[in-house]
Amino acid sequence: MQIEKYKIDEFNNSVLKEHKRRFDFAAEGVNGLDGILKKLVDFQIAIPSWALGTGGTRFGRFSGGGEPRTLEEKIEDVGLLHSLNKSGGAISLHIPWDIPQDAKAIKALAAQHGLRFDAVNSNTFQDQPDQKLSYKFGSLQHVDKATRKQAVDHNIEVIKHGIELGSDSITVWLSDGSCFPGQLNFRKAFQRTLESLQEIYAALPDNFKMFVEYKAFEPNFYSMTVGDWGQSLLYASKLGPKAYTLVDLGHHLPNANIEQIVALLLSEGKLGGFHFNDSKYGDDDLTVGSINPYQLFLIFNELVEGMDARSMQHATDLGWMIDASHNVKDPLEDLLQSIEAIKIAYAQALLVDTKALQAAQDASDVAKAQEILQQAYRTDVRPLVAEARLRAGAALQPLQLYRQLKVRENLIKERGQKTVATGL
Ligand code: LRH
Ligand code: MN
């Protein structure tokens, strides 16, 4: 299903008067308004190919119908989202869940929808039907050299798919670790994993980046071999200049100060990108900004401050990706809400009076510093985000138009109620 431009224009005309009233109010007194709006227009977030269907847990999965059955239909759905908000101009593939049979055709189809390919993701956390050696006890850490080689070869295969699609990065997330004390020699597991990553690193083209994604627990519940930002930074530093850390917001222990982790990884020049989602307990993969929007704002505040300090391009110098799972929401509505939450947090961070904040910090004026920060956080920036969409040719209210056009109903008519998308 595609949404014709005239339907978006018609919808925008029907809500334009109200938008203008809100925008004029929100824009009043904003320094560098056009610069902020341009930054919002340029900021594109990659959509995970594995999160276009209904997710589930070991207790159950409740499909909503009309799910994409092929990579082509997944690209169509990401294209549909992008036509609504002009903010999701990239798709991140997971191999082997989404192997492009004809990379040239897939690349052309994505381009038709205004999409490029962001990081490709390897998968050595599941055993594939025709796989010789099992990853039950790990992959790159495995005590068996042949199993490690199998995993290294898979990652090199994934890089090849990425090159064919015009991607310039690979994300390596390892489920490797242990479930019980005594199961693993941590020192040797680290060394084996590092040597395996070095073999993968050696296969990277010059322009490619490797993102080492860390996670505190699950599916291993005693130790993870890339368990936190420190371990990921250790690997990335030992691997070389093309290796970076990747921050999945749901991969931390409770109450971790993620914004401080982001600030330090950025100042080390080793922050590669993000998997945005939200969580209250574990790796819940919930809608971005649905549980802790203040934390998301604080993370973007560190990103804007830290990237400007290094003269980095906000839109292109880090990997901006969503990694979520939709157990109870329509997957496309969930992704529309996640992108909105990311743009809102970014816009609020762009409103922070950094000079005044610096002065308050230099004066150890703690209360003043909080007032400056929360002035931006408590500003309703939604009209600015909507205006950026309008200027990009997208819908002023994407979710409202998605429902008004009965997109899900149409997808169910087109694809059926029982279709299941590959992924989590
Ligand atoms: C692991 C993870 C990783 C993936 C997967 C789909 O929890 O965040 O990024 O590859 O989810
Ligand atoms: Mn992730």
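Read the numbers this way: they start at 1 and go in the same order the structure lists the ligands and their atoms.
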Inset, instruction - Please confirm whether His94 comes under 4.0 Å of ligand 1, counting heavy atoms of the residue only. - result: yes
Inset, instruction - Describe, in one word, how the ring planes of Phe221 and Phe217 are oriented to each other, choosing from parallel (under 30°), tilted (30 to 60°) and perpendicular (over 60°). - result: tilted
Inset, instruction - Might you confirm whether atom NZ of Lys5 has over 12 heavy atoms from other residues, nucleotides or ligands at distances under 6.0 Å? - result: yes
Legend entry - Trp173 N/O to ligand 1 N/O under 3.5 Å: no
Legend entry - Asn121 touching ligand 1 at heavy-atom level, < 4.0 angstrom: no
Inset, instruction - Examine distances only and state if a side-chain atom of Tyr235 and a backbone atom of Gly230 form a donor-acceptor pair shorter than 3.5 Å. - result: no
Legend entry - Under 3.5 Å: N/O of Trp50 near N/O of ligand 1: no
Legend entry - Closest protein heavy atom (residue, atom, distance) for atom 9 (O) of ligand 1: Glu213 OE1, 2.7 Å
Legend entry - Atom of Glu213 nearest the Mn ion (ligand 2) (restricted to N/O/S, atom name only): OE2
Inset, instruction - Could you grab the distance from atom CZ of Phe11 to atom CG of Leu84, nearest 0.5 Å is fine? - result: 9.5 Å
Inset, instruction - Could you tell me which atoms of ligand 1, counted from 1 in the order shown, lie closer than 4.0 angstrom to a heavy atom of Asp248? - result: 8 (O)
Legend entry - Atom indices of ligand 1 within 4.0 angstrom of His275 heavy atoms, with elements: 9 (O)
Legend entry - Main-chain N/O of Gly53 paired with Glu67 side-chain donor or acceptor, under 3.5 Å: no
Legend entry - Backbone or side-chain N or O of His251 under 3.5 Å from ligand 1 N or O: yes
Inset, instruction - Check whether any side-chain N or O of Thr422 sits under 3.5 Å from a backbone N or O of Trp97 as a donor-acceptor pair, and report yes or no. - result: yes
Legend entry - Metal check, the Mn ion (ligand 2) vs His251 N/O/S, cut-off below 2.8 Å: no
Inset, instruction - First locate atom CD1 of Ile75, then atom NZ of Lys107, and finally report the distance between them rounded to the nearest 0.5 Å. - result: 12.5 Å
Legend entry - Minimum-distance N/O/S atom that His275 presents toward the Mn ion (ligand 2): ND1
Inset, instruction - Measure Asp283 to ligand 1 on non-hydrogen atoms and call it side chain, backbone, both or neither using the 4.0 Å cut-off. - result: side chain
Legend entry - Side-chain donor/acceptor of Gln44 to backbone N/O of Gly89, under 3.5 Å: yes
Legend entry - Phe208/Tyr201 under ring-ring contact (aromatic ring centres under 6.0 Å, His included): CA gap, chis, key distance, verdict: CA-CA 9 Å; Phe208 241 72; Tyr201 187 92; over 10 Å; no
Legend entry - For the Mn ion (ligand 2), the closest N/O/S atom belonging to Asp248: OD2
Inset, instruction - Would you check whether Lys215 has a nitrogen or oxygen atom less than 3.5 angstrom from a nitrogen or oxygen atom of ligand 1? - result: yes
Legend entry - Atom of Asp323 nearest the Mn ion (ligand 2) (restricted to N/O/S, atom name only): OD2
Inset, instruction - Could you check atom 5 (C) of ligand 1 against the protein and tell me its nearest heavy-atom contact, residue, atom and distance included? - result: Asp323 OD2, 4.0 Å
Inset, instruction - Classify the ring geometry between Phe125 and His94 as parallel (under 30°), tilted (30 to 60°) or perpendicular (over 60°). - result: perpendicular
